[in-house]
Amino acid sequence: QPRTPDQQFARYVKVAIALFILCFGYFIVADLYMPMTPQARVYHQITQITPQVNGDIVAVEVSNNEQVKRGQLLMRINPRPYALAVQQAELNLAQVQLQNQQLDADISALNADLSAAKAKLNEQQRLHKRSTALLASQAISEQQSDEITANLATAKAQVSAVKAKLLAAKIKRGEHGDNNVALQQAKNALAQAQLNLSYTRVLAPHDGVISNLQVTTG
């Protein structure tokens, strides 16, 4: 049975409303996942390249608008002063090592001196003990006894002096191995000098494009 014009019109209206709802739903869902706007800005990551050490730039290895890869050499700073600093730090480390060796030798010599001083003290103590008995029996004079007593005091003082020197040498030497303070300080100074030397080669921190290049040699 043919539809009347009113029925056809109503059908068109229903179809139009259904299409409108579908399109409206599509735009809402699409806007959530792919927002659309007539005004938009695209921001790029910008990394300022600043050398970590001071010095004259001897070479610029890139130019504006050039694409670079991470780790690529951008510029070189005069490495001569920093290479000399590394050499000086190496010399200081070698000097500390020699000083420690000299202190080890001094400590060995002082230990030998201490053994000799203790032996001398034992001898004087035995002599003093005998002299006391001899003096009581008047086998020796008081002058001889006084000399023996003085020699005993001298031997005791000698032992104390060597012990003091030995203690001072051990304190100055410090611990052995990497725990030695002077050695560790020298190694740290060398590591810092080597790090500063490496900073004379300015490298790209990541992939990108060179822009606004404002440095030249000199």
Side-chain angles (χ1 to χ4, degrees), residues 32-114 162-218:
L32 293 174
Y33 292 96
M34 295 181 296
M36 299 179 63
T37 176
Q39 296 180 349
R41 294 181 180 179
V42 178
Y43 292 93
H44 294 280
Q45 179 183 359
I46 299 176
T47 303
Q48 283 190 332
I49 306 299
T50 304
Q52 304 211 28
V53 292
N54 297 323
D56 296 333
I57 297 176
V58 296
V60 179
E61 305 293 344
V62 293
S63 57
N64 266 321
N65 303 319
E66 179 180 343
Q67 291 188 347
V68 295
K69 297 293 184 181
R70 179 180 180 182
Q72 181 175 337
L73 180 63
L74 303 180
M75 68 184 75
R76 289 186 289 113
I77 297 173
N78 184 12
R80 182 61 179 167
Y82 299 98
L84 290 175
V86 170
Q87 293 178 3
Q88 183 61 49
E90 290 173 342
L91 290 174
N92 292 340
L93 176 59
Q95 183 177 6
V96 169
Q97 292 171 334
L98 288 175
Q99 287 176 347
N100 285 342
Q101 291 176 2
Q102 180 62 52
L103 287 171
D104 288 337
D106 293 343
I107 290 172
S108 297
L110 287 171
N111 280 323
D113 291 343
L114 182 59
V162 175
K163 283 183 176 180
K165 289 181 181 179
L166 181 59
L167 179 60
K170 286 182 177 180
I171 293 175
K172 187 176 180 180
R173 173 61 173 87
E175 297 186 29
H176 288 74
D178 292 336
N179 292 327
N180 181 261
V181 175
L183 184 62
Q184 189 60 50
Q185 289 176 339
K187 286 184 176 180
N188 289 344
L190 176 57
Q192 184 62 56
Q194 292 172 335
L195 182 61
N196 289 339
L197 178 60
S198 70
Y199 286 153
T200 60
R201 292 172 53 86
V202 182
L203 307 178
H206 52 74
D207 297 351
V209 179
I210 299 297
S211 63
N212 195 27
L213 183 63
Q214 298 179 355
V215 295
T216 58
T217 57

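Along the sequence shown, the residues carry numbers beginning at 1.
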Using side-chain heavy atoms (C-beta onward) and a distance below 4.5 Å, is [X] in contact with [Y]?
| X | Y | result |
| --- | --- | --- |
| Ile57 | Thr216 | no |
| Leu91 | Gln87 | no |
| Val68 | Leu74 | yes |
| Ile77 | Val53 | yes |

Restricting to non-hydrogen atoms, name the atom on [X] and the atom on [Y] that form the minimum distance, rounded to 0.1 Å.
| X | Y | result |
| --- | --- | --- |
| Met75 | Val215 | CE-CG2, 3.8 Å |
| Ala83 | Leu197 | N-CD1, 3.8 Å |
| Gln67 | Val209 | CG-CG2, 3.8 Å |
| Ala186 | Val96 | CB-CG2, 4.1 Å |
| Thr47 | Pro205 | CG2-CG, 3.9 Å |
| Arg173 | Ile107 | CB-CD1, 4.0 Å |

### Enclosure of Asn64 CG (heavy-atom neighbours >12, cutoff 6.0 Å)
yes

Report the distance from atom [atom1] of [X] to atom [atom2] of [Y], rounding to the nearest 0.5 Å.
| X | Y | atom1 | atom2 | value |
| --- | --- | --- | --- | --- |
| Gln184 | Leu93 | CD | CG | 10.0 Å |
| Gln48 | Asn212 | CD | CG | 9.0 Å |
| Asp113 | Leu166 | CG | CG | 9.5 Å |
| Asn54 | Tyr199 | CG | OH | 13.5 Å |
| Leu203 | Gln72 | CG | CD | 9.5 Å |
| Ser198 | Gln52 | OG | CD | 8.5 Å |

### Query
Have Gln194 and Asn196 got a donor and an acceptor in their side chains that come within less than 3.5 Å?
no

### Task
Using distance alone, with no hydrogens and no angle criterion, decide if Asn188 and Gln192 have a side-chain donor and acceptor under 3.5 Å apart.
no

### Sidechain-backbone polar pair: Asp56 side chain, Val58 backbone, donor-acceptor under 3.5 Å
no

### Query
Is there a donor-acceptor contact under 3.5 Å from the side chain of Asn78 to the main chain of Gly55?
no

#### Entry: Reference residue Leu213; test side chain to side chain contact (heavy atoms under 4.5 Å, CB included); the match among Ile49, Asn65, Val60
Val60

### Task
Please step through side chain to side chain contact (heavy atoms under 4.5 Å, CB included) for the pair Leu73 and Val202, ending with a clear verdict.
CA-CA 6 Å; Leu73 180 63; Val202 182; 5.7 Å; no

